[in-house]
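Below is one structure; the comments refer to it alone.
Values below: all heavy atoms of this structure, side chains included; hydrogens, waters and symmetry mates excluded.
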Amino acid sequence: MSDPATASSEPAPDANCPPSAAPSSADPADAASWRTVEALVGWLDRESALPKEQERLLRVLKLSEEVGEAAQAVIGATGQNPRKGHSHTWDDVHAELCDVIVTAMVALRTLTPEARQVFEGHLRRIAERVPSPLPPPAAGAGTE
């Protein structure tokens, strides 16, 4: 794992990021998303009093909490808890899923400064496995 605090300006080779996953002139909205993630990681780093390795682990574990909140929202939106009834809406589910995505992006960026390239390379490999007319994402392209 790369340590963002000690990373050099040269991207480190990453088994999950083939050479073809180099940065590109991607969608400006995607670039803005990763800039926001970068700012969130910086803010969290400044606010943390924990050792770096512990902070890294906790950011990955935070995903479990967020996934649990998404599950709770689905249960509430479908009224599956008789004691609580319909306690959530599908908009609540959408918001919780967004929290899961952002938390995963923050965790990935915490583990590697090349988070965007790692993600884009992984997404391309997934798209190549899908047996559908869906074209693989262009290099540097994000998802919407």
Side-chain angles (χ1 to χ4, degrees), residues 1-130 134 136-144:
M1 289 187 275
S2 300
D3 185 349
T6 60
S8 71
S9 60
E10 287 290 316
D14 189 314
N16 293 319
C17 183
S20 63
S24 64
S25 57
D27 176 3
D30 188 50
S33 296
W34 283 103
R35 281 193 304 273
T36 300
V37 168
E38 189 75 31
L40 287 169
V41 169
W43 172 67
L44 290 168
D45 286 347
R46 286 188 304 277
E47 294 296 316
S48 178
L50 298 173
K52 285 189 188 298
E53 194 61 27
Q54 186 177 1
E55 187 64 45
R56 295 166 119 183
L57 295 173
L58 290 172
R59 288 187 193 167
V60 173
L61 290 176
K62 176 78 171 154
L63 277 167
S64 294
E65 177 191 353
E66 296 299 340
V67 169
E69 291 174 7
Q72 182 180 21
V74 169
I75 290 167
T78 58
Q80 293 303 301
N81 183 335
R83 186 174 54 82
K84 294 183 180 179
H86 288 274
S87 58
H88 291 75
T89 67
W90 286 103
D91 284 341
D92 295 327
V93 175
H94 302 166
E96 294 300 342
L97 289 172
C98 288
D99 286 348
V100 170
I101 293 165
V102 171
T103 301
M105 292 173 79
V106 166
L108 182 60
R109 175 53 191 87
T110 297
L111 297 177
T112 177
E114 295 86 28
R116 180 176 175 179
Q117 295 89 333
V118 169
F119 177 75
E120 289 171 354
H122 192 79
L123 186 60
R124 272 195 302 281
R125 287 189 300 282
I126 290 171
E128 290 166 359
R129 294 191 315 246
V130 175
L134 185 73
T143 60
E144 299 201 24

Self-check item: Steps toward side chain to side chain contact (heavy atoms under 4.5 Å, CB included) verdict (D30, E120)
Solution: CA-CA 11 Å; D30 188 50; E120 289 171 354; 3.3 Å; yes
Nearest heavy atoms of [X] and [Y], plus distance in Å:
X: E38; Y: R109; value: OE1-NE, 2.7 Å
X: H88; Y: D92; value: CA-OD2, 3.2 Å
X: V106; Y: L44; value: CG1-CD1, 3.7 Å

Quiz item: Can V118 and L111 be said to form a side chain to side chain contact (heavy atoms under 4.5 Å, CB included), step by step?
Solution: CA-CA 11 Å; V118 169; L111 297 177; over 6 Å; no
Quiz item: For the side chain of D99 and the backbone of E96, is there at least one donor-acceptor N/O pair under 3.5 Å apart?
Solution: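 Not a single qualifying donor-acceptor pair exists.
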Practice problem: List for me each residue that meets salt bridge (charged side-chain N to carboxylate O under 4.0 Å, His left out) alongside E66, sequence neighbours excluded, and say none if there are none. | Solution: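 Applying salt bridge (charged side-chain N to carboxylate O under 4.0 Å, His left out) to E66 gives K62.
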Self-check item: Exercise: do T110 and R56 side chains pair donor with acceptor under 3.5 Å
Solution: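 Result is no, nothing qualifies.
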With a 4.5 Å cut-off on side-chain heavy atoms, are [Y] and [X] touching?
X: L40; Y: V102; answer: yes
X: H122; Y: Q117; answer: no
X: L108; Y: M105; answer: no

Starting at [atom1] of [X], measure out to [atom2] of [Y] and round the result to the nearest 0.5 Å.
X: E128; Y: R125; atom1: CD; atom2: CZ; value: 8.0 Å
X: E55; Y: L57; atom1: CD; atom2: CG; value: 9.5 Å
X: E69; Y: S64; atom1: CD; atom2: OG; value: 11.5 Å

Practice problem: Return the set of residues passing side-chain contact (heavy atoms from CB on, under 4.5 Å) with W90 (not counting sequence neighbours), or none when no residue passes. | Solution: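 For W90, the residues satisfying side-chain contact (heavy atoms from CB on, under 4.5 Å) (neighbours in sequence not counted) are V74, A77, T78, V93, H94.
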